[in-house]
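Single-structure report; data block below.
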Amino acid sequence: MARRWAVCGAVHRSITTTTVAGLLLATGACGALTGVRVEEAGGHVALVQLVRQGGMDAAWAGVLALDDDGCWGLASEADPDDVRVVVWPAGFSVADDGRLVADDGTAWTSGDAVVGAGGEHDDLRGAVGDVADACVEAGEPGLELWRAELG
């Protein structure tokens, strides 16, 4: 599968330069500036912030895992089948082979221990908009991390 990403559901094959005006037009067409894009490659999907955002400051730790839809998230060591979809920090991507790539270029794989800072949304789609449809349905919880690293 070709590598692609989407902003508010619109798929773009390649983008070489993004201007603030272009970004506002692309996200504004969705009715709200969500600040989240969909990265997809190798059959796996990641929701990623467009710009690094601070904010919620809770400490998070978990195991990198894929949910049933192939979306990258975190699971607890106690229940590895309960995966919470994550909106990853800006700079993260999905490699052609589907691995999650951190903002420092390190490729992460399922089972890696991850620590980070951010917060939880009771309704991830409600918090970030319909761009989250790639991974969650309305009313599903999820995490939004502004910092994440291998732990």
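When a residue number appears, it is its place in the shown sequence, counting from 1.
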Report all side-chain donor-acceptor pairs from residues 62-76 shorter than 3.5 Å, counting only partners two or more places apart or in another chain.
residue	atom	partner	partner atom	Å
D67	OD1	D69	N	2.9
D67	OD1	G70	N	3.1
D67	OD1	C71	N	2.8
W72	NE1	G98	O	3.0
S76	OG	D79	N	3.0

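- At a threshold of 4.5 Å between side-chain heavy atoms, the hydrophobic network of Ile, Leu, Val, Met, Phe, Trp and Tyr places V85 and V83 in two separate groups.
- Under the rule for a side-chain contact (heavy atoms from CB on, under 4.5 Å), the partners of P141 that lie at least two apart in sequence or sit in another chain are R84, E120.
- Identified under the ring-ring contact (aromatic ring centres under 6.0 Å, His included) test for residues 112-145, with sequence neighbours left out: none.
- The two atoms that bring A46 and V94 nearest to each other are CB-CG2, 3.6 Å, heavy atoms only.
- Applying the side chain to side chain donor-acceptor pair (under 3.5 Å) rule to D82 yields no partners; only residues at least two apart in sequence or on another chain are considered.
- W60 CH2 to L145 CG: the interatomic distance, rounded to the nearest 0.5 Å, is 8.0 Å.
- Atoms OG and CG, on S93 and D103 in that order, are 9.5 Å from each other to the nearest 0.5 Å.
- V38 and V101 are members of different hydrophobic clusters when ILVMFWY side chains are connected at heavy-atom separations under 4.5 Å.
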Name each donor-acceptor pair under 3.5 Å that joins a side chain in residues 105-113 to protein atoms two or more places apart or in another chain, with its distance.
residue	atom	partner	partner atom	Å
T106	OG1	D104	OD1	2.8
T106	OG1	D104	OD2	3.2
D112	OD2	T109	N	2.8

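- For residues 81-122, there are no disulfide (SG to SG under 2.5 Å) pairs, not counting sequence neighbours.
- One finds the CG atom of L47 at 9.5 Å from the CD atom of E144 (value rounded to the nearest 0.5 Å).
- Applying the side chain to side chain donor-acceptor pair (under 3.5 Å) rule to D123 yields no partners; only residues at least two apart in sequence or on another chain are considered.
- Nearest heavy atom pair, residue D97 against residue H44, reads O-ND1, 4.5 Å.
- Within the 4.5 Å cutoff, the side chain of D130 has heavy atoms near those of the R125 side chain.
- Contacts of E137 classified as side chain to side chain donor-acceptor pair (under 3.5 Å), with partners at least two apart in sequence or in another chain: none.
- Contact record, A61 with V115: CB-CG1, 4.1 Å, taken as the closest heavy-atom pair.
- Closest of all the heavy-atom pairs between C135 and V45 is SG-CG1, 3.6 Å.
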